[in-house]
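Note that the numbering runs from 1 along the sequence shown for the chain.
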Amino acid sequence: MKRFYLMFLLLLMCGVLFAELEGYPKTILAENFTSGCANCTDSYSGLDVVHNQYDRTEFNSVRYYPQSHPLGNEETNAIYSLYGISYTPFVIFDGVHEYGGGGSVIATGEPYLEIVEDIYFQDSPIKMQIDTFDPQTGDIRVYVQMISSNYDITEQTIRLLLLEDDVISFDTHVTRDIIKDSITLQEQGEATIFQHSFKIDTEWETENLQAVAYVQSDGFDIIQSTSTYPTPQYKVRGWVPFDLIQTSGSSGSYTSENFGIVNFGEDLEVTAELIVDSAPVDWQIYLCDEENTYTQPVTFNLNEQDSKIFYYSIESSSSANAEFHLKISSENLEEHYEIPFTFAVNTSYETQTVSPSYLVYNYPNPFNPSTTIFFNEFSRNKPVEIEIFNTKGQLINSFIENDRNWTEWDGQDSSGNPVSSGIYLYKVKTENKQATGKMMLIK
């Protein structure tokens, strides 16, 4: 293995265009733990729905089979152990957003889409790209650069994955080999290159081999990922290092942090326009950069890997909220690109207090006689309490789970008596987190 630490000289290889950026758009990675089980095809279908709506600059997925499966290996088994996966299917997005189980709802892709939509604009402090990959020899070269000036990656993990597509039947994006290494990047502009070679089996179809690389923190968060899968010829993405919903305790002037548009494809002429969807008539909302305040759409050129930095400015005179979005359009883009924003003054904007519905769900629903309640993003190492209530708010039954993220309810109360048909509510909670769901028992 050869690894070279490079400083500002490598920055010139990418161009000075990223000097204005303090981060980079994040490519989401879904890790699908599967064993070919009856419900596993539901997760395949659900992830296919996500792939149909997001390109490879935005979203990738990989499959891990256990070592006991013909498509598993020692490296994939280690990932099972790392996350503590005890059943399949189980999908983890960016290392921390979990969704276990199968069923018709998962097959629609809606639960997965909700997760991706929720984290889509999260930014990354680093840029990654696979410079070269030879499926014949397994040789791979990955470039990683620190974009942020206030982020430190010290002795974290980088993994390089060899995937084979279209192996047999539903088996695709199969992880054939994993190479693990350590990465440290501590200064803005600092970069490193990783050169490795995957193990190549002569029985694998080399034309179906792809590579994925990602950097992961000790807390499991996948900081950034990239792949060799084809990307659109023309593509822009937004870099937004702050919450899309911003609030202020008082009216008056407000200026957002910087955000940016990054060109992932060939050179483009693009038009940016800030469109107000809803706001008080006396509010003023403008798109700005370091030189101008724009009251009309602005057109500019974005070269390959170029970026353009903006911020928005608001003059408010009342307690209310505004919804607006940045629209990026071009003759070459198949569809325009949007970044939605919300700004609220002296209001408790409701989406800040509602728990994401993907945290808990049950399947089947409706059910008879039993259903399984799944809960995601709750600690695997601390007790999780599940309480079941009727519509009058009376506690019907409760359970404690210590080492798994699901529990089964057989439609009985705490005394073992079957309950009647109807709607029931459940609450899943730990010391510092809780989420609720609704289910229907039909007899």
Side-chain angles (χ1 to χ4, degrees), residues 1 3 27-44 47-48 51 56 59-96 98-100 102 128 130 132-142 156-183 194-218 220 222 225-229 380:
M1 186 278 291
R3 185 170 59 195
T27 300
I28 299 169
L29 180 65
E31 298 171 279
N32 184 6
F33 295 84
T34 181
S35 59
C37 60
N39 287 334
C40 288
T41 55
D42 299 327
S43 67
Y44 306 159
L47 289 172
D48 284 343
H51 276 296
R56 296 291 184 163
F59 175 77
N60 281 302
S61 69
V62 301
R63 289 190 194 173
Y64 302 135
Y65 291 80
Q67 192 170 4
S68 57
H69 191 278
L71 295 177
N73 52 64
E74 184 177 350
E75 289 80 11
T76 56
N77 225 51
I79 304 295
Y80 272 78
S81 299
L82 175 70
Y83 286 112
I85 303 300
S86 59
Y87 68 93
T88 59
F90 198 95
V91 182
I92 304 180
F93 296 80
D94 279 349
V96 292
E98 306 169 350
Y99 208 109
M128 293 184 70
I130 298 176
T132 59
F133 169 62
D134 187 341
Q136 300 291 333
T137 63
D139 293 343
I140 184 171
R141 173 186 167 108
V142 181
Q156 301 299 298
T157 299
I158 181 171
R159 287 188 177 87
L160 316 181
L161 276 58
L162 177 68
L163 308 185
E164 183 179 6
D165 289 346
D166 303 324
V167 180
I168 51 174
S169 186
F170 294 103
D171 298 314
T172 191
H173 312 326
V174 176
T175 302
R176 291 297 200 178
D177 190 21
I178 301 176
I179 298 172
K180 179 182 176 183
D181 206 338
S182 177
I183 180 170
F194 294 86
Q195 293 186 173
H196 287 280
S197 293
F198 291 115
K199 297 173 293 186
I200 302 294
D201 192 306
T202 56
E203 295 185 357
W204 300 342
E205 297 290 340
T206 54
E207 63 268 23
N208 292 341
L209 295 180
Q210 300 283 353
V212 168
Y214 65 87
V215 173
Q216 187 169 36
S217 72
D218 291 338
F220 296 109
I222 292 180
S225 65
T226 188
S227 77
T228 56
Y229 284 98
R380 300 185 187 90

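Partners of Thr172 by side-chain contact (heavy atoms from CB on, under 4.5 Å), not counting sequence neighbours, listed by chain and number: Arg63, Asp165, Asp166. Residues passing the side chain to side chain donor-acceptor pair (under 3.5 Å) test with Thr157, sequence neighbours excluded: none. Here Lys199 pairs with Glu75, Asp177 under the salt bridge (Lys or Arg N to Asp or Glu O under 4.0 Å) rule; sequence neighbours left out. Arg176 is linked by a salt bridge (Lys or Arg N to Asp or Glu O under 4.0 Å) to Glu164, counting only residues two or more places apart in sequence or in another chain. Under the salt bridge (Lys or Arg N to Asp or Glu O under 4.0 Å) criterion, Glu31 pairs with no residue, sequence neighbours left out.
Side-chain contact between Phe198 and Phe133: present, with at least one pair of heavy atoms (C-beta onward) separated by less than 4.5 Å. Here the side chains of Leu82 and Phe220 are in contact, with some heavy-atom distance below 4.5 Å. Counting heavy atoms from C-beta outward, Tyr214 and Val142 have side chains that stay 4.5 Å or more apart.
With values rounded to the nearest 0.5 angstrom, Thr76 atom OG1 is found 12.5 Å from Ile85 atom CD1. Atoms CD1 and NE2, from Ile158 and His196 in turn, are 7.5 Å apart once rounded to the nearest 0.5 Å. The line from OG of Ser225 to CD of Gln216 is 11.0 Å long, rounded to the nearest 0.5 Å. Rounding to the nearest 0.5 angstrom, the gap separating the CG atom in Asn60 from the OG atom in Ser227 is 3.5 Å. We find the CD1-OG1 distance between Ile140 and Thr228 to be 7.0 Å, quoted to the nearest 0.5 Å. Between the CG atom of Leu163 and the CG atom of Leu209 there is a distance of 8.5 Å, given to the nearest 0.5 Å.
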| said: Could you go through Ile222 and Val215, starting from their C-alpha distance and side-chain angles, then the distance that decides it, and tell me whether this counts as side chain to side chain contact (heavy atoms under 4.5 Å, CB included)? | reply: CA-CA 6 Å; Ile222 292 180; Val215 173; over 6 Å; no
| side chain to side chain contact (heavy atoms under 4.5 Å, CB included) between Asn32 and Ser61, worked out | CA-CA 7 Å; Asn32 184 6; Ser61 69; 5.8 Å; no
| message | Show, in sequence, the C-alpha distance, side-chain angles and deciding distance for Tyr83 and Phe33, and conclude whether the ring pair (Phe, Tyr, Trp, His ring centres under 6.0 Å) test is met. | response | CA-CA 10 Å; Tyr83 286 112; Phe33 295 84; 5.6 Å; yes
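In this structure, Asn77 and Gln67 approach most closely via the heavy-atom pair OD1-N, 2.9 Å. Closest heavy-atom contact between Ala30 and Val91: CB-CG1, 4.1 Å. The two residues Ser35 and Thr88 make their nearest non-hydrogen contact at OG-OG1, 2.7 Å. Looking at every heavy atom in both residues, Ile200 comes nearest to Pro135 through CD1-O, 3.9 Å.
Although no hydrogens or angles enter the test, the distance criterion places a donor-acceptor pair under 3.5 Å between the side chain of Asp94 and the main chain of Leu29.
Leu160 pairs with exactly one of Ile130, Ile178, Ile179 by the side chain to side chain contact (heavy atoms under 4.5 Å, CB included) rule, that one being Ile179.
In this structure, Phe170 places its CZ atom where only 12 or fewer heavy-atom neighbours from other residues, nucleotides or ligands lie under 6.0 Å away.
Inspection of the His173 and Tyr229 side chains reveals an N or O donor paired with an N or O acceptor under 3.5 Å. When only modelled atom types and interatomic distance are considered, Gln156 and Ser217 share no side-chain donor-acceptor pair under 3.5 Å.
Note: Tyr65 and His69 have tilted aromatic rings, judged against thresholds of 30 and 60 degrees for the angle between ring planes.
Every pair tested for salt bridge (Lys or Arg N to Asp or Glu O under 4.0 Å) that includes a residue from residues 200-214 fails, sequence neighbours excluded, so the list is empty.
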